[in-house]
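The structure under discussion appears below in the form of structure tokens.
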There are 2 protein chains.
Amino acid sequence: MTEARRRPGPKRALTQDDVLDAALRLMDADGPVAASIRRIAGELGVTPNAVYTYFADKAAIEQALVERLLGEVNAAAPATGGWRADLELLAVEIRARLVAHPGAVPLFLSGAMNGPQALLLGERLLDRLSAAGLDRAAGARGAYLIMVYVLGAIALEVADQPHAGVLPPEAERIAARAAAWGEVPADRFPRTAAATDVMATWIGTDQYLWGLRRLLDSFAGLRS
Amino acid sequence: MTEARRRPGPKRALTQDDVLDAALRLMDADGPVAASIRRIAGELGVTPNAVYTYFADKAAIEQALVERLLGEVNAAAPATGGWRADLELLAVEIRARLVAHPGAVPLFLSGAMNGPQALLLGERLLDRLSAAGLDRAAGARGAYLIMVYVLGAIALEVADQPHAGVLPPEAERIAARAAAWGEVPADRFPRTAAATDVMATWIGTDQYLWGLRRLLDSFAGLRS
DNA sequence: ACCTGAACACCGTTCAAGT
DNA sequence: ACCTGAACACCGTTCAAGT
């Protein structure tokens, strides 16, 4: 995995996308820490300072990575009609795209999301909540509530995994959690010890949709 | 701020708490990156390797820091009676304690929360949701929904701030956001451009409580 | 048990220089 | 415009040694 992969064809200058590709490959393989400037350069077969031809600093790379993944989300998940189904589809799409690159997930919660793709995603949320009957202010508040929930759930899901690299299948992760929760002392934490079977599924799709539907349900009482 | 502060009194051995105190001081002053092993050691007046007498590695320090701050939350915010008021008070308390140390916030979303204080907090949530009339499974799902919301909102609030150190007053941050949103192109993002006044308040207390109340409202339909 | 000296294998970033 | 050589000021962690 440390082998340098150059793009096919004759020798040519790099691009910003080459840098982002390399960063994503490294993060997928060895976790978030692996995407260092020096290792990215190594992947591309150049010296570390060559990377600064394409990005001002490491923060700029991380910001561009966020925009790229949000772009994938916006490209998929078209609006099909009903606001509720659209929002569920969008939320599921965001989770699928981000969880595919666990090492990139912390970037979404460690910097302001104000790029074009972030704006486009926000615009889509506002549009669907308008269709849901929310007024301007309630729509704006609701859109942020959804983003907080989606990003928070994805971050906690990824953080639950101790190992670097791509996540194991969901069923496997839930089984591992169920085993770990077996050690909870029932005398000190009775309700927790009695609910470990449900808690094991917290990082799963069912819980994700359950929580999302609580939010969408609550919007019903806000129609103007 | 780089001046070494030793504890008062005669020379004595350090403690785990001394290390955590130093780490928090550094993070509060210069952001999350400042809490390096080497700078912590400098604060304490010892060489870097002395820190390894008290913690196995840097991850252990971060884990202990999370537990310490959760302990502060658990120590405050007692139950006063109504489940709704209790949960709101608890959520507000968590936000106050974590936002006071912005540099520590990312730690809550970058590692599994399974220490004693995390368990105690979870137990309290399960207890209050039981009082709300939720059955065992719905209570467990609801407790996680609240944690996802609370941690996600706090993380995004802190991430919105570009500068290291303690956060400016809320009104100041909202005003800065309102100014920044003025640049949104209304032709490409019409709904966004029309809602910037509300979006500026996304990182404020009103939005935080608004979102929390949507969650609590949705629990009403789940009483068994 | 608690701490130091010295080292190893890394970081991000910058400056000057080359083509 | 695009890349390299060399350096600066950092990291986390470990090993051996001292008291």
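Bear in mind that the values here come from a model prediction, so they are computed numbers and not experimental data. First the proteins, then the strands, lettered A, B, ... as listed; each starts at 1.
Between B:Y54 and C:dC3 there is a side-chain polar atom (N or O) within less than 4.0 angstrom of OP1 or OP2. Proximity of B:Y52 to the phosphate of D:dT14: no side-chain N or O atom is located under 4.0 Å from OP1 or OP2. A close approach under 4.0 Å does not occur between any side-chain nitrogen or oxygen of B:T47 and OP1 or OP2 of C:dC3.
Between A:L69 and A:E72, the closest side-chain pair of non-hydrogen atoms falls below 4.5 Å. Under the 4.5 Å side-chain criterion, counting only non-hydrogen atoms from C-beta, B:D21 is not in contact with B:E43.
Among D:dG12, C:dT13, C:dC2, the nucleotide with an atom closest to any side-chain atom of A:I37 is C:dT13. Distance from the side chain of A:T53 is smallest for D:dC2 among the nucleotides D:dC2, C:dC11, D:dC11. Distance from the side chain of B:D57 is smallest to D:dT13 among D:dT13, C:dT13, C:dT14. In the set C:dC11, D:dC11, C:dA6, the nucleotide with an atom closest to the side chain of B:R39 is D:dC11. Among C:dA6, D:dT13, D:dC3, the nucleotide with an atom closest to any side-chain atom of B:R38 is D:dT13. Nearest nucleotide to the side chain of A:L14, out of C:dT13, D:dC15, D:dC3: D:dC3. When each of D:dT13, C:dT4, D:dA6 is scored by its nearest atom to the side-chain atoms of B:A50, the top-ranked nucleotide is C:dT4. Closest approach to the A:A13 side chain among C:dC11, D:dT4, D:dC3 is made by D:dC3 (side chain taken as heavy atoms from C-beta onward).
Atom CG in B:L26 sits roughly 14 Å away from atom C1' in D:dC11 (whole-Å rounding). At whole-Å resolution of the value, CD in B:E62 and C1' in D:dT13 are 15 Å apart. We find that CD1 of A:I61 is positioned 13 Å from P of C:dC11, with the value rounded to whole Å. When rounded to the nearest whole Å, the span between CD of A:Q16 and P of D:dA1 equals 15 Å.
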Side-chain polar contacts of residues 145-154 of chain A - donor-acceptor pairs under 3.5 angstrom, sequence neighbours left out - could you list them?
{"unit_1": "A:Y149", "atom_1": "OH", "unit_2": "A:Y208", "atom_2": "O", "d": "2.7"}

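The aromatic rings of B:W181 and B:W202 sit perpendicular, their planes meeting at an angle over 60°, well past the 30° parallel limit.
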Pairs under 3.5 Å (Watson-Crick or G-U), crossing ones as [ ], inter-strand ones as |: DNA chain C comes out as ||.|||||...|||||.||

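From A:E62, atom CD reaches atom CG of A:L65 across 8.0 Å, with rounding to the nearest 0.5 Å.
Each of A:A34 and A:N49 has a nearest nucleotide on DNA chain C; the 5'-most of these lies closest to A:A34.
For A:T53, the side-chain contact (heavy atoms from CB on, under 4.5 Å) criterion is met by no residue, not counting sequence neighbours.
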Side chain to side chain contact (heavy atoms under 4.5 Å, CB included), that's the test. Do A:I61 and A:L20 meet it? Break it down for me. CA-CA 7 Å; A:I61 297 178; A:L20 298 181; 4.0 Å; yes

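Going from the P atom of C:dA9 to that of D:dA9 covers 22 Å, rounded to whole Å.
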